[in-house]
There are 2 protein chains.
Amino acid sequence: MRRMTARPANAHQARLLTLLRDGGPNSRAQLGDQVDLSRSKLAVEVDRLPETGLVVADGLAASRGGRRSHNIRLNPELRFLGVDIGATSVDVAVTNAELETLGHLNQPMDVREGPVAVFEQVLAMAAKLRASGLAEGFDGAGIGVPGPVRFPEGIPVAPPIMPGWDGFPVREALSQELGCPVMVDNDVNLMAMGEQHAGVARTVADFLCVKIGTGIGCGIVVGGEVYRGTTGSAGDIGHIQAVPDGRPCACGNRGCLEAHFSGAALARDAVEAAQQGLSAELASRLETNGGLTAVDVAAAASAGDATALDLIREGGNRTGQVIAGLVSFFNPGLVVIGGGVTGLGHTLLAAIRTQVYRQSLPLATGNLPIVLGELGPTAGVIGGARLISDHLFSPA
Amino acid sequence: MRRMTARPANAHQARLLTLLRDGGPNSRAQLGDQVDLSRSKLAVEVDRLPETGLVVADGLAASRGGRRSHNIRLNPELRFLGVDIGATSVDVAVTNAELETLGHLNQPMDVREGPVAVFEQVLAMAAKLRASGLAEGFDGAGIGVPGPVRFPEGIPVAPPIMPGWDGFPVREALSQELGCPVMVDNDVNLMAMGEQHAGVARTVADFLCVKIGTGIGCGIVVGGEVYRGTTGSAGDIGHIQAVPDGRPCACGNRGCLEAHFSGAALARDAVEAAQQGLSAELASRLETNGGLTAVDVAAAASAGDATALDLIREGGNRTGQVIAGLVSFFNPGLVVIGGGVTGLGHTLLAAIRTQVYRQSLPLATGNLPIVLGELGPTAGVIGGARLISDHLFSPA
DNA sequence: TCTACTTTTTCCACTCAGAGGACAAAGAAG
DNA sequence: CTTCTTTGTCCTCTGAGTGGAAAAAGTAGA
């Protein structure tokens with residue numbers, strides 16, 4: 001039996017909830033230092049907070065030189081589910097209400113199998129996490145899918161790499177199955193929210209989060225809020241033209257960034273190079289595994305293989321050129337690089353940095369850090385938990 | 001002697017002021033229909049509004065079937081000054097508090113002469129407008145400059161085409177000279193605000209406003225608010241690489257959009273074409289005027305000159321490619337094209353549209369209008385008036 | 001142990017924004 | 001001249017929130 005939780009009654013309670021989420025257990029007095037409310041008003045709101053089921057008392061705090069204060073904290077039994085559906089694998093994690101990961105599962109999986117098959121898998125993984133004692137049930141879930149989403153309804157729209165998902169009511173269906181509130185968003189937005197909450201972007205209001213996986217996307221954060229665009233497709237930078245008259249892309253155009261550099265493109269290029277005998281390292285790996293992925297290229301590169309390094313550098317240059325344009329346009333305070341190819345590490349990062357710092361104007365790049373994401377594969381699931389907690393911790 | 005005006009005391013008054021600005025004179029009853037306040041509260045706020053000096057009574061309204069209501073309106077004596085400093089000319093206009101243009105002057109002028117010379121000119125133009133009886137004095141001024149601005153302080157920063165302006169305290173200096181509040185912003189942002197207030201973008205929350213003049217810039221509006229970026233240089237798209245290893249640009253790089261298409265680049269290309277004997281039309285104009293500008297190219301094009309048309313088409317293609325990338329990234333609800341080259345009209349627009357619709361994904365372009373600005377050279381000055389009115393009509 | 005000082009919490013009186021009803025004022029329609 | 005509608009004013013009531021006083025629960029030194 002699932003406990004029922006209620007949304008906060010007003011903006012004050014919402015603010016207190018986020019303070020408890022981001023700062024952990026806290027005394028009433030300390031909360032008072034952080035919000036701008038009179039003692040009396042604070043007492044009233046704090047007293048009412050447990051009625052929502054989201055907050056519980058937590059004993060006495062240490063003395064600060066006088067009477068000891070009462071601690072409160074978010075209900076430690078609350079559980080959020082973060083789901084990050086990638087093109088070729090799915091991550092599912094359980095967090096507590098403070099968005100700390102308690103358990104994390106990853107499984108290979110092809111999104112093209114369609115929503116029904118994928119969610120069967122996701123639900124099985126969620127059940128497994130529950131069976132291992134991490135949760136009795138879920139109080140909310142945040143789902144990331146690799147394509148544009150009509151955000152208010154939580155429905156994917158015209159996702160190029162996910163045929164069969166167009167119009168599928170993800171939010172409603174999963175809410176039914178899980179018996180809890182669900183929010184759905186593009187996976188890059190979730191990654192951005194994850195890095196914002198617990199990663200490198202904690203203190204930046206305007207930043208970009210470029211995710212290079214099977215495809216390429218970009219989370220856009222404006223004033224601390226994710227920007228999704230008019231139809232929910234903002235950040236879809238994989239099909240920006242990077243090479244005039246370049247390679248044909250699945251979208252029908254030529255020279256798209258994604259056709260020249262992405263997990264898929266990199267793997268294809270590596271196979272080609274191996275077959276042409278350009279790299280003994282890659283050729284032997286191809287023979288051993290029967291195929292190559294970005295991971296193989298990363299390994300070959302760190303073994304010093306020149307061809308692998310060239311592939312990474314060239315891809316980084318292409319990506320860097322596109323990012324340079326976005327930096328000129330958007331003037332962010334930070335650029336985060338993440339996704340599956342993060343394993344390519346500093347070779348990739350150096351190539352991207354070179355292009356951006358060379359091509360964008362000094363005013364935009366002067367104080368612009370370009371860094372790898374801190375959270376790796378957990379960014380997405382933490383972002384999912386963050387998404388649903390933002391929803392549940394806001395007034396109804 | 002200038003009257004003193006005060007800022008509204010609270011958000012309700014601010015809301016009423018913008019309603020009066022955007023909807024003109026209005027009866028108390030009609031205002032009541034538009035705001036969500038009880039009659040008593042509304043009466044209190046409306047009664048206090050004249051204390052600010054911004055609002056005056058305006059007789060009785062027509063009956064709506066019962067007792068006639070009292071009209072109020074923004075003080076008809078209020079005057080805002082809108083100043084749009086371009087690279088090669090300056091526009092100065094006077095508006096009333098409803099942001100209607102009462103008088104408008106334009107003069108050629110080179111920004112490179114520096115802020116002192118330019119503002120001497122601007123003040124002379126403002127004095128001329130005042131002398132012609134349009135204003136006794138100014139209650140506020142909004143200034144647009146062709147480069148990035150540290151917005152809160154109103155100080156240009158590192159403007160590439162305006163040497164000598166870096167760090168000049170425009171806001172403070174002009175506030176002194178004019179004796180009224182002043183706000184300063186990038187000229188493309190002003191154009192965006194102008195088109196938002198009185199032009200094609202009245203109903204759109206997220207849009208881009210591309211201004212092609214001597215240089216190229218882009219105003220970015222997110223959720224109805226201008227987005228300025230971390231250092232105020234957002235929208236600086238003139239130096240995005242449009243042509244790999246293309247022409248050298250003043251910024252030190254090669255292939256910048258601005259180096260390939262802008263008022264300046266177009267004029268240069270036209271001269272070159274004329275000298276090479278590619279176009280009799282352009283050659284004769286070159287001989288007559290001793291030089292060519294975008295206006296000549298526009299005239300030649302509408303006379304059917306093939307070379308001129310080619311120049312415009314190629315420029316449009318370049319610009320369209322860059323815009324296509326921005327559309328994929330930003331997913332706007334509208335793209336406005338404006339600036340000095342608007343005279344190139346539909347040839348340019350068609351080229352841009354072709355590229356954008358071809359290169360961006362259907363989800364982003366499906367319902368995306370790409371249109372010419374409606375206000376032409378008045379967009380900037382109206383935007384300036386809008387900028388200062390937003391400031392004056394918000395609680396202090 | 002006792003005393004003086006701090007910090008936290010509760011209690012209470014007070015202010016203020018705002019809502020909404022009653023009613024007066026002003027006009028329309030017959 | 002009467003009846004109905006709309007508009008504006010007045011007055012009371014409510015609920016959010018503030019800030020002071022005092023109680024509760026500590027610490028630290030004599």
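These numbers were taken from a predicted model, which means no experiment stands behind them. Excluded from the calculations below are hydrogen atoms, water molecules and symmetry mates; all remaining heavy atoms, backbone and side chain alike, are included. Below, read A as the first sequence line, B as the second, and so on, with proteins coming before strands; counting in each chain starts at 1.
The side chain to side chain donor-acceptor pair (under 3.5 Å) test applied to B/N96 returns B/E100, not counting sequence neighbours. A search for side chain to side chain donor-acceptor pair (under 3.5 Å) contacts involving B/S389 returns B/R21, not counting sequence neighbours.
Proximity of A/L208 to A/V336: side-chain heavy atoms (C-beta onward) are nowhere separated by under 4.5 Å.
In this structure, A/L37 places its CG atom 16 Å from C1' of C/dT9, rounding to the nearest Å. In this structure, CD1 of A/I72 is placed 14 Å from C1' of C/dT8, rounded to the nearest angstrom. Following rounding to the nearest Å, B/L60 (CG) and C/dA25 (C1') show an atom-to-atom distance of 12 Å. Separating the CG atom of A/N10 from the C1' atom of D/dG15 is a distance of 13 Å, rounded to the nearest angstrom. Spacing between atom CG of A/D36 and atom C1' of D/dG17 amounts to 12 Å, rounded to whole angstrom units.
At a threshold of 4.0 Å, the pair A/D47-A/R28 counts as salt-bridged, since one of the basic side-chain nitrogens sits closer than that to a carboxylate oxygen.
Across all strands, B/S63 comes closer than 4.0 Å only to sugar-phosphate atoms, never to a base (heavy-atom distances).
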Polar pairs (N or O, both sides) under 3.5 Å between protein and nucleotides 6-9 of chain D?
residue	atom	partner	partner atom	Å
D/dT6	O2	B/R67	N	3.1
D/dT7	OP1	B/R64	NE	2.7
D/dT7	OP1	B/R64	NH2	3.1
D/dT7	OP2	B/R64	NH2	3.4
D/dT7	O3'	B/S69	OG	3.4
D/dT7	O2	B/R67	NH1	3.0
D/dG8	OP1	B/S69	OG	2.6
D/dG8	OP1	B/H70	N	2.7
D/dG8	OP2	B/S69	OG	3.4
D/dG8	O4'	B/R67	NH1	3.4
D/dT9	OP2	B/R28	NH2	3.4

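With rounding to the nearest 0.5 Å, the separation of CG in A/L19 from CZ in A/F393 is 11.5 Å.
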